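Single-structure report; data block below.
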Amino acid sequence: MININGLAVEPIIGLEIHVQLATRTKMWCGCKRAFGAEPNSRVCPVCLGLPGALPVMNRRAVELAVRTALALNCRTAGFTTWDRKSYYYPDLPKNYQISQYDRPLSYGGVFEFPFANRISRVRIIRAHLEEDAGKNVHDFPGCSAVDLNRAGTPLLEIVSEPELHSADQTREFAVQLHRLVRYLGVSEANMQEGQMRFEPNINLRILKDGEIYTTPIVEVKNLNSFRALHGAVACEITRQVEGWQETGVVATTGNKSNRGWDDEREATVAQREKEEAHDYRYFPDPDLVPLELDEAWVAELKEHMPELPIPRTERFISEYKVPASDAPALVDDRATADLLDQAAEFGGDKSTLAKHFLSFWARHANERGTPIADLGISSKHLAELARLQCEGTINATATAQVADQMIARVAHRFSGGGHESSSESEHPAEAKLSPRAIAEQLGVLQSRDEDQIATWVEQALASNQKAVQDAISNQKKLKAARGFLTGQVMTISGGQADPKMVGALIEEKLAEIGQSKV
Amino acid sequence: MLERDVMGKMETATTIAAHVAAGRRKAVAVCHEALGRIEDRDPRFRAFLEVTPDYARPRAARVDADLAAGKPAGPLAGVPLAIKDNICTTFGHTTCGSKILKGYVSPYNATVIDRIEAAGGVLVGKTNLDEFAMGSSNENSAYFPTRNPWNTDCVPGGSSGGSAAAVAAGLVPLALGSDTGGSIRLPAAFCGVVGMKPTYGRVSRYGLVAYGSSLDQIGTLAANVEDAALLLTVISGQDPRDSTSVDHPVPHYCEELRDAKLAGLASGLRIGVPAEYFGAGLESETRAAVEAALDVYRRLGARTVEVTLPHTPYAIATYYLVAVSECSSNLARYDGVHYGHRTAHPRNIIDLYSSSRNEGFGAEVKRRIMLGTFALSAGYHDAYYNKALKVRRLIKDDFDRAFEQCDVLAGPTSPTPAFRFGEKLDNPLAMYLADIYTIALNLAGMPGISIPCGFSETGLPIGLQLMAPVFGETVLLQAARLYERETEWYLRRPPVTS
């Protein structure tokens, strides 16, 4: 319950999500899925709905749908059917959409995600497969055009129970779902290209004088961004409270309405209502045979399910010791998260690796507009760099310098051409990327030569007698003096001395001097 | 071979293919003769919506050239064929006998077309039909009605009336039709030719313009059983483009008809006679001809068995729910937006849809679209469509039970021979009853064949219908051939007058 205009209000929000599946070809034909191609260049008799053409199911689409369903903890139907949903629209060449009506591919799931320091639990009513429509284009004076490149693209429709209660929570649900489908590799989920679209249905329970009033349900169609989704929900909550205060109209069967989102005005707007209630006249598509999902196949898909983003985030927080606020940055891109895990397997210190990923690797990735996984640095070298720093072979500044060099050499290797083979063995080009070799060339390896360090320490002590005196005679000043002396040694060594060894030797020397004074 | 040569000027497809393969005849010459016959005789019957000599002649030349180059002869080498105009071809137009597809050219060939051409067949044109295959008389063609070659005052039957008439009139030895509720068998009976509807799923529907998708099946119209078997062998088999086509072995049906295969077959054959197919409404001449045919089988040593198909009375009602429901959805795509007829001055998108459809579709098609839309609509869906599916199941169960007692079923194809033009036009129900014996088989998905079994006093052909279980094409053709071998009805041809 939230308070709006002095009323106790509980928003009730359900979400329908359409996800275009990342198949090579369309749902019912061999046309390639393509965004931005020449209009009507990715079409054939089947997706044009020409007389006599027949659909043939894309098995890969079913696999991607089942994997998503499993990740949403849905039950998969052993027997599922294809139905025709009839309505006339120019972007729908057959004037029916092949969808699934009473026997969806999957149903009865639940999706959990952290929100506001708690776990939100939203039940999934169903997730079914259908085909996308084409696009009506209104760019021409005096006429409209239809581009059917998108017609027949496989679409997964996910329907949640109305168990979300705020705009923030709805957006978080959408964000997590977006991350999930990208993680599973079932969709590129590029929002600008309309590969993931949201349709929230929103109404309110308003408590007044011990009575509960329920406002009419509004469905906001076709939202293409998290921002629009959040804005539409927030706007509806306010609008419905005000509307109810003005009119007192409550939900009845038949007064559900559709609205659109005006991005410029940042408000939902009424859509022209159809003259009559929609009757889609669903019936089983006689051109397709019912689909029986093999249990063993589903079990196999389940077994090969990757670690999902939410549990992985939790694991990264505990294993890699990263702050909760930084963890999503490591998890978001699955290949990058996989790379991090692989580097850890190569023996890189986890916490150090995570710090590298969040600092300089992230910076390089941002500069190139790619995920870290695409920087071209192998997990082995990532691990080696972390190990060098951890063992004290190079210091933090040098670590970042080595990383810069690694990136520069990768870039050189790629631009040089002819060296793109990525064989497992350490290729000469690969060897050039070795962090240890780079550190040597840069001269940033820290010295562990005890005699050399002892000489540097003696030089430092000799030229800083005051600090030596402070350290020996004044317990209060000991710490500061020791720090100062360590700094001096590092300066003399040009940063190459191993700070741990320096500390130990200074302590030893100070003790010696103290002893001789007594 | 001799008996076939008495059939007038046209040879059988089997003979043509053998001659062309052996180099005794040129496909070009065969094609030229067929085109000449069409030019001479078709104006009286108007079996063809479109004749395509410019496509056919080079194809025939290609067949000759391939043979001359030593390529193996296909089973249909040089055989001229006619195609019902609801089967998509890249040559000519594909109109479905409808104004809404006037001028429509398909960018692709139906699978059956590719298979026929790969087998050396030469396609000479597209034949007339009731609009979108909806009708039993050919009177629903938006262009003109085809006439029955036996009596031009009578209908050829429908909906594959053009294909049946083309074969009956001796224009081509073979034609393709489609059968949703009897559309091959009824015109075959009315025109005195052999018409076969295969098992649902036997032949690819890819490129067959859909009417009732769960009932539609492409089949053959031929002058004799052997030719029917020849064409069936070519067009059968699973097609990756049609999910409802079935992966079931395709025998060489012609081989199954060899005398050696037929020897001794009759004595073991059990022929089911369904009581429901001999009830009220069956004209006496037809009944007598069919009973005489049963006597022929008995004389050959076959056993006739009384069987019952108790749900037969519900077949027409069930069909006219299932077929029209599917049709209302299948024909939704003809909307004036993407192809086909578009109204001249639409006021808005709704008007574009409704005026284009109103102008483009004929009365019977509109009637069925409206019936189907109603049957699928909310609140009526359960009472009509879902109920029909349940009854369809019962009808199929009837056949399954009957086939426990027999190998094939036999009965009339139609209650009467061909009727006169206009006779049933004002009474759709009377028209629908012409299909009373053919419709149930489509609901059951089983194969059936109509073969000539006599003539009425007025000289009109009468058809004997044989039916077999799913994928029982072999026994069906064998049973048909057993009868054909004993009789000469199939050799009779309408008088040739130019």
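What you are looking at is a predicted structure, and each value in this text was computed from that prediction instead of being measured. Reminder, nothing fancy here: chain letters follow the sequence lines and each chain counts from 1.
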| Does atom CZ of B:Arg367 have more than 12 heavy-atom neighbours from other groups under 6.0 Å away? | yes
| Least distance between heavy atoms, A:Pro51 atom then B:Cys88 atom | O-SG, 3.4 Å
| query | Is the backbone of A:Ala53 close enough, under 3.5 Å, to the side chain of B:Tyr108 for a donor and an acceptor to pair up by distance? | reply | yes
| Under the 3.5 angstrom rule, does the side chain of B:His338 hit a backbone N or O of A:Leu92 as a donor-acceptor pair? | no
| note | Between the NE2 atom in B:His381 and the CZ atom in A:Phe283, the distance rounded to the nearest 0.5 Å is 8.0 Å
| query | Highest number of heavy-atom pairs under 4.5 Å with chain B: which of A:Leu54, A:Asn95, A:Val46? | reply | A:Leu54
| query | Within the side chain of B:Tyr353, is there an N or O that forms a donor-acceptor pair under 3.5 Å with the backbone of A:Tyr89? | reply | yes
| task | Please indicate whether B:Arg241 has more than 12 foreign heavy atoms, meaning atoms of other residues, nucleotides or ligands, lying under 6.0 Å from its CZ. | result | no
| request: Examine whether an atom of B:Asn86 lies under 4.5 Å from a heavy atom of chain A, and if so say whether it belongs to the side chain, the backbone or both; otherwise answer neither. | output: neither
| said: Does any backbone or side-chain atom of B:Ser325 lie under 4.5 Å from a heavy atom of chain A? Answer side chain, backbone, both or neither. | reply: backbone
| Part of A:Tyr88 lying under 4.5 Å from any heavy atom of chain B | both
| request: Heavy-atom distances under 4.5 Å only: say whether B:Leu215 touches chain A with side chain, backbone, both or neither. | output: neither
| message | With a 3.5 Å distance limit and no angle check, can you tell me whether B:Ser243 reaches the backbone of A:Pro55 through a side-chain donor-acceptor pair? | response | yes
| task | Under 4.5 Å heavy-atom distance to chain A, tell me which part of B:Ala110 shows up: side chain, backbone, both or neither. | result | neither
| Non-hydrogen atoms of chain A under 4.5 Å away: do they reach the side chain of B:Tyr206, the backbone, both or neither? | both
| query | Which distance, rounded to the nearest 0.5 Å, do you find between the OG of B:Ser377 and the CG of A:Asp279? | reply | 5.5 Å
| Between CD on residue B:Glu326 and CZ on residue A:Arg84, distance to nearest 0.5 Å | 7.0 Å
| said: For the interface with chain B, which of A:Val146, A:Leu50, A:Val289 has the highest count of heavy-atom pairs at distances below 4.5 Å? | reply: A:Leu50
| Between CD1 of B:Ile349 and OG of A:Ser144, what distance do you get to the nearest 0.5 Å? | 8.0 Å
| said: Using heavy-atom distances under 4.5 Å, tell me whether A:Tyr280 contacts chain B through its side chain, its backbone, both, or neither. | reply: neither
| query | Side chains of A:Pro284 and B:Tyr385: closer than 4.5 Å at any heavy-atom pair? | reply | yes
| remark: OG of B:Ser329 to CZ of A:Arg281, rounded to nearest 0.5 Å, is 8.0 Å
| Interface moiety of B:Tyr200 toward chain A, non-hydrogen atoms closer than 4.5 Å | side chain
| request: Let me know if B:Tyr380 has heavy atoms under 4.5 Å from chain A in its side chain, its backbone, both or neither. | output: neither
